[in-house]
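Notes to accompany the following structure.
Worth saying up front: this structure is predicted, and the values here are computed from it rather than measured. Values reported hereafter were calculated over all heavy atoms of this structure, with side chains retained and with hydrogens, waters and symmetry mates removed. When a ligand or atom number is given, it counts from 1 through the structure's own listing order. One-based numbering along the sequence shown.
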Amino acid sequence: MVNDEVVVTPWEVKGDIDYDKLVRDFGTQKIGDEIISKIEQIAGEVHPLIKRKIFFSHRDLDWLLSEYEKGNKFFLYTGRGPSGDTHLGHLVSWILTKWFQDKFGAELWFQMTDDEKFYFKDGLTAEFTNRMAYENALDVIALGFDEKKTFIFSDFDYAKTLYPQAAKVAKKLTFSTARAVFGFNESSNVGQIFFTSMQSVPAFLPSIKEGKNIPCLIPHAIDQDPHFRVCRDILPKLGYYKPAAIHSMFLPGLKQGGKMSSSIMDSAIFTTDTGEQIEKKVKNAFTGGKSTAEEQRKTGANPDICSVYNYYFILFMWDDNELGDLRKRCLCGEILCGDCKKILENKIKKFLNDHQKKREEAKKRLDKFILRD
Ligand code: TYM
């Protein structure tokens with residue numbers, strides 16, 4: 001039996017996702033050509049992740065940009081639930097966040113929700129998720145964020161600052177809303193029910209620190225939207241702006257369907273993977289190829305269902321001409337999956353080799369980025 005159930009929540013993503021339907025169901029706005037032109041006009045260029053509409057949806061980005069044009073600058077907020085090593089899917093939002101920091105001179109507030117992963121993942125200790133927060137922070141730093149404008153904090157280690165603010169959110173949030181949004185039930189632990197209050201805090205913390213309202217932009221994949229729906233309802237009640245957001249699609253797993261997920265080992269490429277591991281995972285990737293090379297040479301393959309092609313589209317081939325050429329060669333059977341995988345394998349190896357060096361260097365600078373109290 002085919003299981004075609006589609007699930008998109010902060011804790012589970014599976015199935016064949018129809019992103020247009022998600023925009024309708026979640027009540028977000030599609031990223032259209034008009035907003036892309038606006039970004040280009042202000043920034044002087046548009047990042048391929050936006051141009052290709054991998055960031056396909058938003059909330060109030062038009063408002064945020066018009067505030068920016070009036071001189072009301074925004075800050076960036078994003079995060080990570082440190083349940084294990086960082087994988088390539090996580091980098092998608094962080095790469096765009098870095099671009100926004102460079103182009104708009106924005107501060108970044110980066111939350112490590114070690115508490116969340118402790119509450120939600122059976123078998124993970126609080127000590128482990130806390131340790132992973134600092135491991136994952138190395139990946140953030142390795143991407144080149146500005147140390148003067150970037151603040152990374154773990155919920156456990158910055159709790160004295162975060163908790164009083166989370167309490168203000170929690171007091172405005174009923175159990176029945178949390179249950180309706182997140183699907184909690186009688187056996188959900190109470191940490192889970194409280195948690196979304198913690199994820200709301202960085203969306204207004206800089207406003208508290210500055211003593212005035214500052215617009216906030218949150219780049220993230222669409223799975224996190226339920227948190228920010230709740231957050232956007234509550235923040236005006238506390239006197240703050242609703243945060244704006246820009247939502248990405250999921251980098252797929254190398255096996256067919258769903259998102260790249262740390263829990264399916266061979267499907268995810270981690271930033272700490274060795275060359276050998278990368279080689280093995282890419283070799284086993286799901287493609288749109290035919291069952292024999294002969295048939296594929298005759299009838300071509302299907303890039304639109306191919307996870308390898310998706311990797312090029314999302315992260316590893318931002319030159320439109322190069323990608324267009326590869327697509328053509330795939331469709332007419334000129335390039336076979338083995339060769340196409342080899343190109344991807346080399347691109348990923350090169351990227352991660354470089355990233356791993358920067359990650360090592362980041363160990364020396366970690367303290368410059370971390371907030372604790
Ligand atoms: P987490 O750790 O599940 O994911 C971190 C970020 O990566 C995005 N993401 C992906 N993007 C593209 N392709 C994928 N396969 C993929 N898998 C995950 C997530 O949407 C997220 O942006 N609760 C959060 C941590 C958090 C946070 C935030 C995230 C706290 N504050 C503010 C975004 C914005 C979490 O567990 O993310």
(message) Asp223 versus ligand 1: do any nitrogen or oxygen atoms come within less than 3.5 Å of each other?
(response) yes

(request) Report the part of Lys117 (side chain from C-beta onward, or backbone N, CA, C, O) that has a heavy atom under 4.0 Å from ligand 1; answer both or neither where that applies. (result) side chain

(message) Can you tell me how the ring of Phe316 sits relative to the ring of Phe351, calling it parallel under 30°, perpendicular over 60° and tilted otherwise?
(response) perpendicular

(message) One thing to verify: whether Lys281 and Asp273 come together as a salt bridge, which I'm taking to mean a side-chain N less than 4.0 angstrom from a carboxylate O.
(response) yes

(message) Counting only nitrogen or oxygen atoms and a 3.5 angstrom limit, does Trp94 reach ligand 1?
(response) no

(request) Between Phe120, Phe228, Trp11, Phe250, flag the one that comes closest to atom 32 (C) of ligand 1 by a heavy atom. (result) Phe228

(message) Regarding Lys364 and Glu361, does a basic nitrogen lie under 4.0 Å from an acidic carboxylate oxygen?
(response) no

(request) Supply the members, apart from Phe128, of the Ile/Leu/Val/Met/Phe/Trp/Tyr cluster built from side-chain contacts under 4.5 Å; use none for a lone residue. (result) Leu124, Met132

(message) Let me confirm one number: the CD1-CD distance from Ile141 to Glu147, rounded to the nearest 0.5 Å.
(response) 9.0 Å

(message) Using a 3.5 Å cut-off on N or O atoms only, is Gln224 in polar contact with ligand 1?
(response) yes

(message) Test your reading of the structure: does Ser248 have an N or O sitting under 3.5 Å from an N or O of ligand 1?
(response) no

(message) Between ligand 1 and His220, is the shortest N or O to N or O distance under 3.5 Å?
(response) no

(message) In terms of relative ring orientation, are Trp99 and Phe104 parallel, tilted or perpendicular, with 30° and 60° separating the classes?
(response) perpendicular

(request) Could you list which atoms of ligand 1 come closer than 4.0 Å to a heavy atom of Gln111? (result) 30 (C), 31 (N)

(request) Please work out which of the three classes, parallel, tilted or perpendicular, describes the rings of His227 and Phe182, given edges at 30° and 60°. (result) tilted

(request) Just let me know how His90 lines up against ligand 1, side chain, backbone, both or neither, with a heavy-atom cut-off below 4.0 Å. (result) both

(request) Just go through Gly79, Pro10, Gly81 and tell me whose heavy atom is the nearest to atom 5 (C) of ligand 1. (result) Gly79

(request) Considering the heavy atoms of Met249, write down every atom of ligand 1 situated less than 4.0 Å from one of them. (result) 12 (C)

(message) Just to check, does Met112 reach to within less than 4.0 Å of ligand 1 when the distance is taken from its heavy atoms?
(response) no

(request) Starting from Leu336, walk the hydrophobic network (Ile, Leu, Val, Met, Phe, Trp, Tyr; side-chain heavy atoms closer than 4.5 Å) and list everyone else you reach, by chain and number. (result) none

(request) Please say whether Thr78 places an N or O atom under 3.5 Å from an N or O atom belonging to ligand 1. (result) no

(request) Taking the six-membered ring for Trp and the single ring otherwise, decide whether the centroids of His47 and Phe55 are under 6.0 Å apart. (result) no

(message) Please work out, at 4.0 Å between heavy atoms, whether the side chain, the backbone, both, or neither of Ile218 comes within that distance of ligand 1.
(response) side chain

